[in-house]
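Here the structure comes first, spelled out in structure tokens, and everything after it is commentary.
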There are 2 protein chains.
Amino acid sequence: MTIMDQDSGVALWRRVADSIERGIADGSYPAGERLPGEVEIADAHRVNRHTVRRALAALAERGLVRAERGSGTYVQASKLAYPLHARTRFSEIVGAGGREPRGQLIASGDDVATRELARQLGVKVNAPLLRLETLRFADRVPICVGTTWLSAARFPDAAAIYQRTGSMTKLLAHYGIRDYRRGVSRVTAGIVDASDAARLDLALGRPVLMVDSTDVTLSGEPLQTKHSRFAADRVEFVIESD
Amino acid sequence: MTIMDQDSGVALWRRVADSIERGIADGSYPAGERLPGEVEIADAHRVNRHTVRRALAALAERGLVRAERGSGTYVQASKLAYPLHARTRFSEIVGAGGREPRGQLIASGDDVATRELARQLGVKVNAPLLRLETLRFADRVPICVGTTWLSAARFPDAAAIYQRTGSMTKLLAHYGIRDYRRGVSRVTAGIVDASDAARLDLALGRPVLMVDSTDVTLSGEPLQTKHSRFAADRVEFVIESD
DNA sequence: TAATATTTGTGCGTATGTATA
DNA sequence: ATATACATACGCACAAATATT
């Protein structure tokens, strides 16, 4: 027997993992449900039990399943675990979950700073601001819509650059900001409004997690302030208390 | 003129502050709104402007209002700011906000550990558990309902003690646990169910913030695991990113 | 309560295809 | 071309935790 499958050139254990993952995604194995035993999966796929174990280990690494000795392997919470840290980066979080992140600019425009925005961004009231409306995906599933305000004076071409790169991190890098951190985040919940519902592909009346946060440079200078709305059905914030 | 008001024995500036606070609480002054000018308030209450300033300073200290020189005084976020830290204590948070915390046991019963609960509490599946349903207030406004599970073997009289003290911290202290910390918290949102709606005095269809967390001793032993539902309209989680 | 079966976890040995020095 | 290292895959045996009878 060869190591790689002849057709696909993909390792056997990965093909088994993908098969199980599809089962979880399409609801064949609902959250909390027990998967078939390792030997049973091995027989079904006609592979060695070690190969199944390798596949399950990969899924467990990503948090999709959890093994319990003597009992079985169980499907974990299906929501995207989203850590709220100082170094929260959407692309890194989604990528770490084994999913493919994507960002998309859906609108942009010019605003003037309200009192609240001016305070958060450290500019004067009525200072010109750039407003970006973004939509972010994990594996083509919309996760969150966000409204970002930046100082128009400091980031004049922000809209065009985000449009091209699809990444806030890259946008800031273009202006020489290699690193930044998140200040305090304020989290609450609400009901999705009509336009967000369409963009997030959510039914009306569904809950959204609303996060207000401001990113600052390492020296404390405000860069951007955001108001994000996450589809609560698809996301779970994980807060590590130190 | 005396310092204390003749009738109530409460300082004048405090009476003014309470008056303004009531206005904020009942919606007369919505969040973000500009309060009347200091002289206007002074005239309305027939006090000196200095007395009003003393009152506003007290409110600003608690974060209810924010003064801006040359512009006015504005109502800050009216939601209860609820920090999610390792040392989160409901009573301390509410008290720090200048509001009066209260806890009430609304139900209790016996459960057996599901797989999930057993894992979180470090006990065996089907181990006997105590379930406490609690309702917590700030100034007589219901803030959150919580379901707490504890090991029945370790905390046999938990229900009676919570009933008497109305405090989780005191309950644990009764069993010799002087200090404890919160592990990871998982936060998401949902729609209030019928029974929670009644207890929280919320309209059906309103969003709730749902928090799953487990408290552990300083040495890492699991004590209690909780599923809390916060009225999203009244609470805002504050997450400090370190 | 006790014995038995099931299930995951661990270790070792063997073999082979792929990449690198 | 040869040697070495590495990842992949299979087979067997047993330990440890859990479930069942």
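Chain letters run A, B, ... following the sequence lines, proteins first and then strands; every chain starts at 1.
Here Val47(A) lies in heavy-atom contact (under 4.0 Å) with sugar-phosphate atoms only. Among the atoms of the strands shown, base atoms are found under 4.0 Å from some heavy atom of Arg53(A). Within 4.0 Å (heavy atoms only), Arg34(A) reaches sugar-phosphate atoms of the nucleic acid but no base atom.
Residue Val208(B) is tested with Thr188(B), Leu202(B), Val235(B) for a side chain to side chain contact (heavy atoms under 4.5 Å, CB included); the sole match is Leu202(B). For the side chain to side chain contact (heavy atoms under 4.5 Å, CB included) with Phe90(A), the qualifying choice from Arg136(A), Met168(A), Arg102(A) is Arg136(A), the only one to do so.
Contact annotation: Asn48(A) does not reach the phosphate of dA9(D) (side-chain N/O to OP1 or OP2, under 4.0 Å). At the phosphate of dA9(D), neither OP1 nor OP2 sits under 4.0 Å from any side-chain N or O atom of Thr51(A). Taking only side-chain nitrogens and oxygens, Arg115(B) comes nearer than 4.0 Å to OP1 or OP2 of dA19(D). Distances shorter than 4.0 Å separate none of the side-chain N or O atoms of Thr73(A) from OP1 or OP2 on dT7(C). OP1 or OP2 of dT8(D) sits under 4.0 Å from a side-chain N or O of Arg54(A).
In this structure, Arg34(A) does not pair ionically with Glu68(A), as no charged nitrogen and carboxylate oxygen lie closer than 4.0 Å.
Computed from coordinates, the Leu12(A) CG to dT18(C) P distance equals 14 Å when rounded to whole Å. Atom pair Glu38(A):CD and dT6(C):C1' shows a separation of 12 Å (rounding to whole Å applied). One interatomic measurement links the two molecules: CZ of Arg49(A) to P of dT8(C), which rounds to 7 Å at whole-angstrom precision. Between the P atom of dC10(D) and the CG atom of Asp43(A) lies a distance of 12 Å, rounded to the nearest Å. The nearest whole Å value for the distance from the OH atom in Tyr74(A) to the C1' atom in dA17(D) is 12 Å. The separation between Glu40(A) atom CD and dT7(C) atom C1' is 12 Å, rounded to whole Å. Rounded to an integer number of Å, the gap from Arg69(A) CZ to dT18(D) P is 8 Å. Here the P atom of nucleotide dC10(D) and the CZ atom of Arg46(A) are 13 Å apart, to the nearest Å.
Distance from the side chain of Trp13(A) is smallest to dT8(D) among dT8(D), dA19(D), dT8(C).
Pairing partner, dA1(D): none, since no Watson-Crick or wobble contact has both distances short of 3.5 Å.
Between the side chain of Arg154(B) and the main chain of Leu223(B), no donor-acceptor pair closer than 3.5 Å is present.
Side chain His50(A) to base dG11(C): a donor-acceptor pair is found below 3.5 Å.
A donor-acceptor pair shorter than 3.5 Å can be found between the side chains of Arg229(A) and Thr147(A).
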